[in-house]
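Computed over heavy atoms, backbone and side chain alike; hydrogens, waters and symmetry mates excluded.
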Amino acid sequence: MPEINKDNKKIVKVESGHRISEYVKSNEYIAAIVDGTLHDLSDVLESGRDAVLIHVDSEEGMRILRHSAAHLLAQAVTEIFPDALPNAGPATDDGFYYDFRMQPIGMEDLSKVEERMREISSKKLKIEKRELNKRELLELFKNNKYKIDRIMENVKDGTSSTVYSQGEYVDFCRGPHVPETSYIKAFKLLSIASTNYRGDVKLESMVRIYGTAFPDEKSLKLYIKNREEAAKRDHRKIGAEMDLFVFNPDRAPGLPLYTSNGAFIRNQLIDFMRNLNRENGWMEVCTPHLFRDTMWKQSGHYAKYKDDMFLFTLADGDEYALKPMNCPGHITIFENSPHSYRDMPVKMSEFGTVYRYEKSGEVGGLSRPRTFTIDDGHAFLRPDQIKEEIGLTLDMIMKSMGIMLSGWPISFDLSLMDKNHPESYLLQYKCRKCTHIIEPVRKSANASDIQCPECGSVDLEPDFSVWDSATDQLRSALVSRNIAFKEFEGEAAFYGPKIDVHVKDAFGRSWQLSTLQLDFNMPRSFGLYFINSESKHETPIMLHRAIFGSIERLIVILLESYFGKLPTWLSPLQVYLIPVSEAYADYASEIEKMLKSRGIMCILDLSSETVGKKIKLIRTKRPSYICVVGENERNNNTITVRNRKDSQVTLAVDEFINKLTKEINERRIEQSF
RNA sequence: GCCACUGUAGCUUAGCUGGUUGAGCAGCUGAUUCGUAAUCAGCAGGUCGGGGGUUCAAAUCCCCCCGGUGGCUCCA
């Protein structure tokens, strides 16, 4: 996605009784904000106001443009397929879609639809808004049950709402939209998908058409080019070329097998994180891959994720499950011994391989496998230790991202609770009558199903103090590291607030890596405690944290972003060594021995092919260095080295090996030569 | 699971409107001993994803199944 210019703000004074459009000279402005609400340019203001014009290049402007493009799509589809019933068509982060109840269509139909959209666009149809009352709305859309559903849900009796029309096409919509169809000129339909009404598999299936639109042809082209470029860098293609992993759909669907090359990359990443864990007091543990169902029932995973777990029953009737998460295993270790407040925090880490039964259509490559390994960690904390521990974990994140993905934009999201819906969260309550504190529970949405155990009153007040304190500590940990972050209200898990870390690659794709989640629930459901300074049992707070996230996904990110040309410390082929002829095989073997004794990944190619051919054919394996030795090198005890960018230098063998060893040990991204 | 696209040798691929598959690379054998993106020659490798049907004849047309890929959260 191209950069969005957020400073394209223009404010005009609109006098009472006038249309906003009268003050707009350029067709780069497509809508306006007045007193915080969105308006069409055709709107007449009843009293004089400042209107903030929305530029088509702004984030808001793009959404409006794409939403209008979705309407254009619906118009074209209903013209070509009169039986198609439009449901809904919003803008998405990088385009738009529209859902229709209709016969399945194919890609040929898509180009027909796109052609029709262009025709309609060039007709410069005015996009007009009308206000209708509920009765009129229901009458207008009487043949479309989906629109009727939406009207019933969104328009209260006796009130009115808006419809937008362009030519013959009318849609129930709250807008705003661009002024006329010709504003939508740079667009493309991308794909067809099946979806169900309201996303519910039990309801009828619908055809979803995806597309995207941009303010100008150039940005559209760039977007399409980036998509194609990203496809070329698909990790599955690169992985096959470099011989990193194998998939066998018959024997192990969705379960990757790593070759020695792939295993090398994994192990390098794991070694790196293992050291970082040690430096930061995360003690490595090792837990089994399967547990009895009883544990999963206690943890709550069974109730929530039963359908996504690999479950099986043994001959004696005992039920087991492969672990979908590592936390209960770590809890089992924690439980085994008493803990004083002085020993806290207790921090366990594990490269924990988990198994999740993803639905058949959802698995694919390393990005959506059915087994993956998390650089998992669970800290058992006293309530006052959150800030310190989060701060240290943020340091680990900054350090590891700097080493692996130097210079990539990183963003931090802090997810908070929505205090208007306390019933969505695990909360402590206070009895308004007798001030008794009720242990954390999750109230159900409507019922007054909880009563005070002391006086029986149902008049309970949510006590946010634990959440507030935890959230403040997360926030101040971020602030203490000078980290910019965004807050998202209502995005917290029911059991606690969290911080998510995303990185953005060279193609503008955002990837989630680290997560830090506080958990007030699991320590409670397992009855965990530590002995506090008053010799009383106190429940610890758990921190679930992963820095890489899944190692599989990290490998995907590294392969796709480096195009397979990994930093040398991660490369399974660090040196590819060629003697110019058999006569120099001995000299090359000596060098090979020296490299191997330093642990450098090296292949010596003594086959009878020409140097040119060997270089040509090794390219898909992406060696860090291609080294050639012959008469010159042997006479001077040197080596000729060609790097990933194909620049070449001849230097002393000792110097090469020393600098290369340093490059690998220091995990440098840039090459030494 | 649902929809679209797709499936010819290990990889990349030719095969038009039906006449039982053609190549390049990789592999193997031999020659060549060579200075940075393919040395030469030969050999071998395919139930055209699987099954059924139409037809004198199917990789090609029809039906069913199985893989792979994209999508199935963003609500007028």
K.L.:
By the 4.0 Å heavy-atom rule, please label A:Ile151 as base, sugar-phosphate, or nothing.
P.N.:
nothing

K.L.:
Have a look at A:Asn632 and say if it touches a base, only the backbone sugar-phosphate, or nothing, with a 4.0 Å heavy-atom cut-off.
P.N.:
base

K.L.:
Taking atom P in both B:A44 and B:U60, what distance in whole Å separates the two?
P.N.:
28 Å

K.L.:
Counting only side-chain heavy atoms from C-beta out, which of B:A4, B:A31, B:C75 sits nearest to A:Ala88?
P.N.:
B:C75

K.L.:
Expressed in whole Å, how much space separates the C1' atoms belonging to B:C61 and B:C16?
P.N.:
15 Å

K.L.:
Tell me what A:Asp149 touches on the nucleic acid: a base, only sugar-phosphate, or nothing, going by heavy atoms under 4.0 Å.
P.N.:
nothing

K.L.:
Under a 3.5 Å cut-off for both distances, is B:G7 Watson-Crick or wobble paired, and to whom?
P.N.:
B:C66

K.L.:
Has A:Asn636 got a side-chain atom pairing as donor or acceptor with A:Thr638's backbone, closer than 3.5 angstrom?
P.N.:
no

K.L.:
Grab the CD-C1' distance between A:Glu631 and B:U33 for me, whole Å please.
P.N.:
13 Å

K.L.:
Just by distance, with hydrogens left out, do A:Tyr98 and A:Gln75 show a side-chain donor and acceptor under 3.5 Å apart?
P.N.:
no

K.L.:
Measure from the side chain of A:Ser608, starting at C-beta and using heavy atoms only, and say which of B:C74, B:C34, B:G71 lies closest.
P.N.:
B:C34

K.L.:
Please give the distance between the C1' atoms of B:G52 and B:C5 as a whole number of Å.
P.N.:
24 Å

K.L.:
Which is true for A:Gly365 with a 4.0 Å heavy-atom rule: it touches a base, it touches only sugar-phosphate, or it touches nothing?
P.N.:
sugar-phosphate

K.L.:
Would you mind telling me which residue lines up with the more 5' stretch of RNA chain B, A:Met206 or A:Lys614, judged by nearest nucleotide?
P.N.:
A:Met206

K.L.:
Return the value, rounded to whole Å, for the distance between atom CG of A:Asp99 and atom P of B:A4.
P.N.:
15 Å

K.L.:
Counting side-chain heavy atoms from CB outward, which of B:G70, B:U36, B:A38 is closest to A:Thr640?
P.N.:
B:U36

K.L.:
Under 4.0 angstrom, heavy atoms only, what part of the nucleic acid is A:Glu153 near: base, sugar-phosphate, or nothing?
P.N.:
nothing

K.L.:
Provide the distance between the two C1' atoms, one in B:G7 and one in B:G46, to the nearest whole Å.
P.N.:
14 Å

K.L.:
Look at A:Arg150 and B:C75 and indicate whether a side-chain polar atom (N or O) is within less than 4.0 Å of OP1 or OP2.
P.N.:
no

K.L.:
Under 3.5 Å for both donor-acceptor distances, Watson-Crick or wobble: does B:C40 have a partner, and if so which one?
P.N.:
B:G30

K.L.:
Could you give the distance separating B:G50 and B:C66 at their C1' atoms, to the nearest angstrom?
P.N.:
7 Å

K.L.:
Please classify the nucleic acid contact of A:Gly612 as base, sugar-phosphate, or nothing, using heavy-atom distances under 4.0 Å.
P.N.:
sugar-phosphate

K.L.:
Do A:Lys659 and A:Glu655 sit within salt-bridge range, that is, some charged N less than 4.0 Å from a carboxylate O?
P.N.:
yes

K.L.:
From CZ of A:Phe245 over to P of B:G10, roughly how many Å is that when rounded to an integer?
P.N.:
20 Å

K.L.:
Quick one: which of B:C74, B:U39, B:A26 gets closest to the side chain of A:Leu617?
P.N.:
B:A26

K.L.:
Should A:Lys486 and A:Asp413 count as an ion pair when the cut-off is N to O under 4.0 Å?
P.N.:
no

K.L.:
Rounding to an integer number of angstrom, what distance separates B:G27 and B:A9 when you compare their C1' atoms?
P.N.:
11 Å

K.L.:
Just to be sure I understand the rule, does A:Thr162 reach a base, reach only the sugar-phosphate, or reach nothing, if contact means heavy atoms closer than 4.0 Å?
P.N.:
nothing

K.L.:
Side chain of A:Thr259, backbone of A:Asp243: donor and acceptor closer than 3.5 Å?
P.N.:
yes

K.L.:
Taking the side chain of A:Ile192 as heavy atoms from C-beta outward, which of B:G35, B:G67, B:A4 is closest to it?
P.N.:
B:A4

K.L.:
Give a yes/no on whether any side-chain N or O of A:Arg236 is located under 4.0 angstrom from OP1 or OP2 of B:G70.
P.N.:
yes

K.L.:
Which part of the nucleic acid does A:Arg619 contact within heavy-atom distance under 4.0 Å: base, sugar-phosphate only, or nothing?
P.N.:
base

K.L.:
Select one nucleotide: of B:C2, B:U39, B:A37, the one nearest the side-chain heavy atoms of A:Ser205.
P.N.:
B:C2

K.L.:
What is the nucleic acid contact for A:Ser191, judged by heavy atoms within less than 4.0 Å: base, sugar-phosphate only, or nothing?
P.N.:
nothing

K.L.:
Nearest whole angstrom, please: distance from the P of B:A4 to the CG of A:Leu189.
P.N.:
17 Å

K.L.:
Write down the distance between CD (A:Glu241) and C1' (B:C25), rounded to a whole number of angstrom.
P.N.:
13 Å

K.L.:
With distance as the sole criterion, do the side chain of A:Gln648 and the base of B:G35 form a donor-acceptor contact below 3.5 Å?
P.N.:
no

K.L.:
For nucleotides B:G45 and B:G10, find the distance between their P atoms and express it as a whole number of Å.
P.N.:
12 Å

K.L.:
Would you please confirm or rule out a distance under 4.0 Å between OP1 or OP2 of B:C74 and any side-chain N or O of A:Tyr97?
P.N.:
yes

K.L.:
Identify the nucleotide, in any strand shown, that forms a Watson-Crick or G-U wobble pair with B:U54, with both distances under 3.5 Å; if there is none, say none.
P.N.:
none

K.L.:
B:C74, OP1 or OP2 - any side-chain N/O from A:Arg198 closer than 4.0 Å?
P.N.:
no

K.L.:
Do A:Arg356 side-chain atoms and A:Met309 backbone N/O form a donor-acceptor pair below 3.5 Å?
P.N.:
no

K.L.:
Applying the Watson-Crick and G-U wobble criteria at under 3.5 Å, what pairs with B:G22? Answer none if nothing qualifies.
P.N.:
B:U13

K.L.:
Tell me what A:Val628 touches on the nucleic acid: a base, only sugar-phosphate, or nothing, going by heavy atoms under 4.0 Å.
P.N.:
base

K.L.:
Look at the side-chain N and O atoms of A:Tyr210 and state whether any lies under 4.0 Å from the OP1 or OP2 oxygen of B:A4.
P.N.:
no

K.L.:
Judged by each residue's nearest nucleotide on RNA chain B, which is more toward the 5′ side, A:Lys147 or A:Glu633?
P.N.:
A:Glu633

K.L.:
Please state the C1' separation for the pair B:U33 and B:C40 - nearest whole angstrom.
P.N.:
14 Å

K.L.:
Less than 3.5 Å apart, any donor N or O on the side chain of A:Glu663 or A:Ser672 sitting next to an acceptor on the other?
P.N.:
yes

K.L.:
Would you say B:C72 has OP1 or OP2 under 4.0 Å from some side-chain N or O of A:Ser194?
P.N.:
no

K.L.:
Quick one: is the NZ or CZ of A:Arg634 closer than 6.0 Å to the six-membered ring centre of A:Tyr584, and within 45° of its axis?
P.N.:
no

K.L.:
Starting from C1' on B:A37, measure out to CG on A:Asp646 and report it in whole angstrom.
P.N.:
9 Å

K.L.:
Assign A:Gln103 to base, sugar-phosphate, or nothing according to its heavy-atom contacts below 4.0 angstrom with the strands shown.
P.N.:
nothing

K.L.:
Do NZ/NE/NH1/NH2 and the carboxylate oxygens of A:Glu153 and A:Arg198 come within less than 4.0 Å?
P.N.:
yes

K.L.:
Look at the side-chain N and O atoms of A:Lys613 and state whether any lies under 4.0 Å from the OP1 or OP2 oxygen of B:U33.
P.N.:
no

K.L.:
Remember a base hit wins even if backbone is also touched, and classify A:Thr195 as base, sugar-phosphate or nothing at under 4.0 Å, heavy atoms.
P.N.:
sugar-phosphate

